Amino acid sequence: MKECKHLAIIMDGNGRWAKSKGLPRTAGHKAGADNVRNIAIAANELGVKYLTLYAFSTENWKRSADEVGYLMKLPGYLFNVFMPEFMERGFRIRLIGDIDGLPEGTRKVILKAAEDSKNNTGLNLIIAINYGSRDEIRRAMVQIAEEVKEGNVNPEEITEEMISSHLDTKEFPDVDLLIRTSGEQRISNYLLWQIAYAEMEFVKESWPAFTPEILAKCLDEYSHRDRRFGGRNE
Ligand code: FPP
């Protein structure tokens with residue numbers, strides 16, 4: 001069985017899920033946060049080692065101030081309610097994105113979750129927050145340019161591995177499988193470098209309705225894919 005070490009998910013459709021039930025968009029986000037717990041537990045049980053979830057993109061600031069404010073409070077809710085369980089299960093909270101650009105309260109909460117769980121050796125639950133792949137690559141380029149300017153690096157030493165080692169994901173393997181919920185078939189500036197050879201699955205269910213059973217189906221489908229990484233199977 002082909003293992004999916006790194007699963008990345010675009011948790012789309014919270015708003016539509018809420019609307020279909022006559023609820024405000026924020027209720028969809030809250031249900032989405034609750035589902036983070038369910039799916040993280042299921043992914044762990046299905047053998048995933050790295051689970052990266054797109055919680056807030058660099059483009060999401062364009063939403064209404066109310067919605068942005070609500071989304072910024074959700075990590076507080078998530079970790080207040082579920083952190084004891086995450087700790088019990090050995091989950092390690094990791095962060096990617098421009099963390100310095102977050103409101104102080106949000107930053108503190110997520111940094112504390114990462115710090116409190118830093119010695120755990122189970123599932124790496126990676127929260128992409130204020131994350132945009134182009135921004136991540138830009139920040140890596142700035143760092144590399146500084147190193148060249150200081151004379152510590154020659155341009156010919158800039159290899160693919162070297163670029164990877166300057167990304168927020170430097171401690172994680174490339175993505176094996178990317179799932180997007182809610183029927184949209186877009187990448188939305190997510191992990192562009194890291195999905196170079198990822199398999200993709202687009203499911204019709206919205207994120208709050210995405211169940212452990214659907215996840216298991218996705219992973220089963222993935223395990224039957226023939227991954228050639230640009231080579232050929234003779
Ligand atoms: C996309 O649905 C979802 C988001 C922009 C937010 C994702 C956040 C969560 C699932 C909850 C919090 C998670 C953590 C880790 C704290 P949408 O609002 O674009 O849905 P729509 O396309 O139906 O409007």
Side-chain angles (χ1 to χ4, degrees), residues 7-44 48 50-83 85-86 89 91-99 101-103 105-114 116-117 123-133 135 168 178-191 202-212 214-215:
L7 168 66
I9 306 184
I10 302 177
M11 308 180 289
D12 196 10
N14 294 345
R16 274 163 286 172
W17 178 88
K19 194 170 175 203
S20 75
K21 298 195 149 13
L23 298 168
R25 292 180 61 78
T26 48
H29 294 316
K30 157 90 169 34
D34 290 333
N35 209 29
V36 165
R37 176 233 173 231
N38 300 336
I39 296 302
I41 289 172
N44 184 42
V48 170
Y50 299 83
L51 172 64
T52 305
L53 300 176
Y54 209 174
F56 192 90
S57 78
T58 47
E59 288 71 37
N60 286 152
W61 297 107
K62 293 182 217 152
R63 297 188 177 202
S64 75
D66 278 358
E67 186 169 349
V68 168
Y70 190 85
L71 286 169
M72 285 296 139
K73 290 208 177 79
L74 272 182
Y77 166 74
L78 181 78
F79 293 127
N80 267 334
V81 179
F82 301 120
M83 197 62 186
E85 198 176 0
F86 292 166
R89 290 175 188 267
F91 292 2
R92 181 171 175 192
I93 309 302
R94 320 288 298 257
L95 307 167
I96 60 171
D98 183 3
I99 306 304
L102 290 166
T106 310
R107 199 169 64 235
K108 273 196 178 153
V109 161
I110 59 174
L111 288 173
K112 182 170 181 336
D116 289 350
S117 62
L123 175 78
N124 287 277
L125 177 55
I126 306 161
I127 309 295
I129 184 162
N130 198 18
Y131 177 86
S133 190
D135 178 62
D168 297 347
L178 172 69
I179 298 175
R180 182 172 188 141
T181 60
S182 199
E184 309 289 340
Q185 302 193 12
R186 282 191 294 281
I187 304 301
S188 300
N189 200 15
Y190 195 40
L191 301 167
F202 300 98
V203 302
K204 64 178 188 318
E205 289 81 6
S206 58
W207 171 250
F210 184 79
T211 58
I214 306 169
L215 173 65

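From a predicted model like this one, the values you see are computed outputs, not experimental measurements. Values below: all heavy atoms of this structure, side chains included; hydrogens, waters and symmetry mates excluded. For ligands, and for the atoms within them, numbers begin at 1 and follow the listed sequence. The first residue in the sequence is number 1, and the count goes up from there.
- Residue Ser117 comes nearest to Phe91 through the heavy atom pair CB-O, 3.5 Å, listed as atom of the first residue, atom of the second, then distance.
- Residue contacts with ligand 1 for Asn14 involve both N, CA, C or O and side-chain atoms from C-beta outward (heavy atoms, distance under 4.0 Å).
- No heavy atom of Glu184 sits closer than 4.0 Å to any atom of ligand 1.
- What sits closest to atom 12 (C) of ligand 1 on the protein, heavy atoms only, is Leu74 CD1, 3.7 Å.
- Under a 4.0 Å heavy-atom criterion, Leu53 is not in contact with ligand 1.
- Selection from Ala33, Ala55, Gly32 by nearest heavy atom to atom 7 (C) of ligand 1 gives Ala55.
- Under a 4.0 Å criterion applied to the non-hydrogen atoms of Asn60, ligand 1 contributes the atoms 5 (C).
- At a heavy-atom cutoff of 4.0 Å, ligand 1 is contacted by the side chain of Trp207 but not by its backbone.
- The shortest N/O to N/O separation between Gly15 and ligand 1 falls below 3.5 Å.
- Of the heavy atoms in Asn35, none comes closer than 4.0 Å to ligand 1.
- Some N or O of Asp12 is nearer than 3.5 Å to an N or O of ligand 1, by distance alone.
- Side-chain atoms of Asn60 and Tyr131 include no donor-acceptor pair closer than 3.5 Å.
- Here His29 has heavy atoms under 4.0 Å from ligand 1 in both its backbone and its side chain.
- Not close to ligand 1: Lys19, with no non-hydrogen atom less than 4.0 angstrom away.
- The closest protein non-hydrogen atom to atom 3 (C) of ligand 1 is Met11 O, 3.1 Å.
- Taking any N or O of Tyr54, backbone or side chain, none lies under 3.5 Å from an N or O belonging to ligand 1.
- Between Gly13 and ligand 1, an N or O atom pair is found at a separation short of 3.5 Å.
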